[in-house]
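Here is the structure we will look at, set down as structure tokens.
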Amino acid sequence: MESVLGRYRNLIVLVGVLFAQILGLAIQVKRTSDNEPTRLIRIWAVGSVSPFEKVLAWAQTSTGNLWHNYFYLRGVRAENRSLKAQIERMSLEQVRMSQDADQARRLQALLAFKEQFISQTVAAQVIGSSGSEQSRSVFIDQGEKNGIKTDMAVITADGVVGKVLRVYRSTSEVLLINDQTSGVGALLEKTRLQGILRGTPSGEVVLEKVMSDETVPAGEQVLTSGGDGIFPKGLLVGAVTKVSPGSELFLNIHVRPAADLSKLEEVLVVTKIDERQAEPDQTNAARAVDILAERLPGVPSKPEVAAPGAAQGSAASEPGAKANAAKAAGSEASSSTTVVKKAPASGPLPTGSSPAKSSTGSPVGSATNSIKASGTNSGSPGSAKPGGATAPVKAPAKPAKPASQPQTQPVQDSPQ
Amino acid sequence: MAITYTSGEQVEVYRFSIPATVLIPLAAVFLQAWLPLRFPFFTIFDLPLLVTIGFATARRSPLAGLLTGGLIGILQDALTHQPIGLYGISKTVVGFGASSLGIKLDVENAGARFLLTIVFYVIHEVVYFMIARGLVGLHMAWSWPHELLSGVANALLGVLVFMLLDRVKQRT
């Protein structure tokens, strides 16, 4: 025995070290399933024990079935009939209840619609990488003491970078979006098709789960959908570069990230996201008395004198309404910055809307720069309306004021 | 008078000082993590692997080789977000193999080191690929041209690294 141990000592130590590391791997690795990830060692342990358990259970069930199916058949037919009737009644009730539940969910969604705003960020320097092609992550110089937590979104002025994977005392590890274990809920800007953005082993980014019968043009921008609960909706991720038929029923959409993931130097970690109710636009709300006033005899429906002033006045009221939504995003590496989320350029908004880069304090005076969380443009009630579309409606409101003074003069001057 | 001949070639065994044993692997792991920030192409190199091979071939002790490889690999794993043990297992195998081969072959000249590094780089990648796909479930793509070219690149760098290690190793 001793001679065997002595002769094969190196090999035994090698096997022991490898076994210990494989065991360590099995403890760490989790295999994903429909329910929740399960550790590999648990899968192995269950896999080695469960066959015996299955055999025992089969033997037990067979014995029980033999007794019940052969010896205990009294009243089974009658019980079967009554149970079938009960099932039919309950199925009808279930259909009715599920319809009620669907309606309740829809109403709830309408009532509790909320927008997400990036309200606080922390700037960080990239200080290191994983150094491996199989692991695409970077380390930043902000950690737990700076308020960083796991699953916080990490962005740059160009676009989304990744999410915080692990937090240490004064550093954090950020998983990049082009890592194969990364996943980001995304949607296409114009077509509004939703999918999941994943990295590939080669470091590319692909958009998955888009049906193959959809049309996706190259060059279309990809935004975050907010569905993953990590990235606020509407952040720029990248642009579609190539679309090809993929496996099964989905397209294979390659996306070029907007942020250069191989040359990261400074990033922003989103530390706080606010949610608030979508407020209807009250600034240009027409009052009932104004609308009635325009219908009174003798009051012109579209006064020429007041119209230009009214249009300018209504346009002037836009900055006040929209200034609340727009805050300048500092590009300096300050300890906390306030960044306003950009709105996707779709729906009623013109395509000129730009991402939330550092707007240097210029007042947001037009609807094109209305920077709010996306989703409001999907037709939800009370959402921000473009000022241009409502200006003509609001024009009659202004003439109500001068109606008491110079309003009468044009009436007198008009030939009658 | 009987004349005896020594049939086996005397193989020199070296050792490294404790500071060198600790600092050189740490420096390799640090450079492996830091250089890709400035030079993205550097991810094809594996400095910790080269240090493992260098230590293993110099010490010519399978036990020391596998333990050194395992520790360096685990340290490298800690910087990635993958489970700890992937590089550990791969470099344990390489450390054991390189030191076992170092006993039998003369690996002091540049040509032998070049070929040795290519072979062990490929072995390292194969083991990593099998563990990552089989155990961890990672989706990995294998490309022979990429691996062979990376092996050649690592071998060229390895020759330089071994020359640096020659300066700090001590004869036992």
Side-chain angles (χ1 to χ4, degrees), chain A residues 8-32 37 39-41 43-44 125-139 162 165-166 173-176 179-182 198-204 260-265, chain B residues 28-48 61-67 69-70 73-74 76-90 92-93 95-97 99-100 127-129 131-132 135-143 146 150:
Chain A
Y8 297 108
R9 181 188 63 169
N10 293 334
L11 209 56
I12 290 170
V13 172
L14 174 69
V15 170
V17 169
L18 287 178
F19 180 75
Q21 292 189 72
I22 288 172
L23 206 63
L25 260 182
I27 291 171
Q28 295 169 81
V29 170
K30 289 182 180 178
R31 284 290 166 84
T32 55
R39 292 187 197 277
L40 197 60
I41 192 167
I43 293 174
W44 288 354
Q125 294 264 354
V126 176
I127 58 173
S129 69
S130 63
S132 166
E133 285 183 318
Q134 283 77 34
S135 167
R136 297 184 194 271
S137 61
V138 294
F139 289 85
L165 188 65
R166 290 192 187 90
E173 185 177 4
V174 175
L175 184 69
L176 301 178
D179 184 87
Q180 57 179 312
T181 58
S182 165
R198 292 204 186 277
T200 64
S202 56
E204 294 176 327
D260 190 348
L261 301 177
S262 61
K263 292 178 185 171
L264 293 172
E265 293 184 1
Chain B
V29 172
F30 166 73
L31 287 173
Q32 186 66 34
W34 183 77
L35 283 173
L37 285 183
R38 305 286 174 259
F39 310 104
F41 65 88
F42 200 83
T43 49
I44 65 168
F45 294 106
D46 194 340
L47 269 180
S61 162
L63 203 61
L66 71 92
L67 287 175
I74 285 173
Q76 193 177 1
D77 277 323
L79 290 183
T80 69
H81 71 278
Q82 306 295 358
I84 293 178
L86 283 170
Y87 280 119
I89 291 172
S90 311
T92 300
V93 171
F96 179 83
S99 53
S100 301
V127 172
Y128 186 94
F129 180 81
I131 300 289
L135 278 183
V136 182
L138 290 179
H139 297 287
M140 290 190 61
W142 181 267
S143 166
H146 174 77
S150 300

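Keep in mind that what you see is a predicted model, and the values were worked out from it rather than measured. In what follows, chains are A, B, ... by sequence order, proteins preceding strands, each numbered from 1. Side chains are part of it too, since the values below use all heavy atoms of this structure and drop only hydrogens, waters and symmetry mates.
- Only the side chain of A:R166 comes within contact range of chain B, judged by heavy atoms closer than 4.5 Å.
- For a residue to count as touching a neighbouring chain, one of its non-hydrogen atoms must lie under 4.5 Å from one of that chain's; by this rule B:Y87 touches chain A with the side chain only.
- Here the straight-line distance linking atom CD of A:E133 with atom OG of B:S150 works out to 6.5 Å at 0.5 Å rounding.
- Summarising the geometry of B:F96 relative to A:L11, their closest heavy-atom pair is CZ-CD1, 4.0 Å, with the distance given to 0.1 Å.
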Subject >> CA sep, side-chain torsions, deciding dist, call: A:F139, B:L79, side chain to side chain contact (heavy atoms under 4.5 Å, CB included) >> reply: CA-CA 9 Å; A:F139 289 85; B:L79 290 183; 4.2 Å; yes
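- Interface check for chain B: of the options A:S137, A:S202, A:A20, A:S132, the most heavy-atom pairs under 4.5 Å are formed by A:S132.
- With a 4.5 Å cut-off on non-hydrogen atoms, B:L35 does not touch chain A at all.
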Original post:
Hey, mind stepping through B:L135 and A:V29 against side chain to side chain contact (heavy atoms under 4.5 Å, CB included) and telling me if it holds?
Top reply: CA-CA 8 Å; B:L135 278 183; A:V29 170; 5.8 Å; no
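- Proximity to chain A is absent for every atom of B:L31, based on heavy atoms less than 4.5 angstrom apart.
- When the candidates B:T43, B:L37, B:D77 are compared by the number of heavy-atom contacts under 4.5 Å with chain A, B:L37 comes out ahead.
- By number of non-hydrogen pairs under 4.5 angstrom with chain A, the leading residue of B:P62, B:G85, B:A33 is B:A33.
- Neither the backbone nor the side chain of B:F30 comes within contact range of chain A, judged by heavy atoms closer than 4.5 Å.
- In summary, the side chains of A:Q134 and B:T80 do not present any donor paired with an acceptor at a separation below 3.5 Å, with no hydrogens or angles considered.
- With a 4.5 Å cut-off on non-hydrogen atoms, B:P83 touches chain A through its backbone and its side chain both.
- Considering every non-hydrogen atom in both B:I89 and A:L18, the closest pair reads CG2-CD2, 3.7 Å.
- For a residue to count as touching a neighbouring chain, one of its non-hydrogen atoms must lie under 4.5 Å from one of that chain's; by this rule A:T181 touches chain B with the side chain only.
- Contact of A:L175 with chain B is made through the side chain alone, with heavy-atom distances under 4.5 Å.
- Considering only heavy-atom pairs separated by less than 4.5 Å from chain B, the leading option among A:L264, A:V138, A:D179 is A:D179.
- Taking each heavy atom of A:S129 and B:Q32 in turn, the nearest pair found is OG-O, 4.5 Å.
- Closest non-hydrogen pair, B:H139 versus A:P201, comes out as O-CG, 2.7 Å.
- For chain A, the nearby part of B:I74 is the side chain; its heavy atoms alone come within less than 4.5 Å.
- Atom CG of A:N10 sits about 7.5 Å away from atom CG of B:L66, to the nearest 0.5 Å.
- Here the straight-line distance linking atom CG of B:L63 with atom CG of A:L14 works out to 10.0 Å at 0.5 Å rounding.
- Between the side chain of A:S135 and the backbone N or O of B:H81, at least one donor-acceptor pair lies under 3.5 Å.
- Contact annotation for A:E173: only side-chain heavy atoms (C-beta onward) come within less than 4.5 Å of a heavy atom of chain B.
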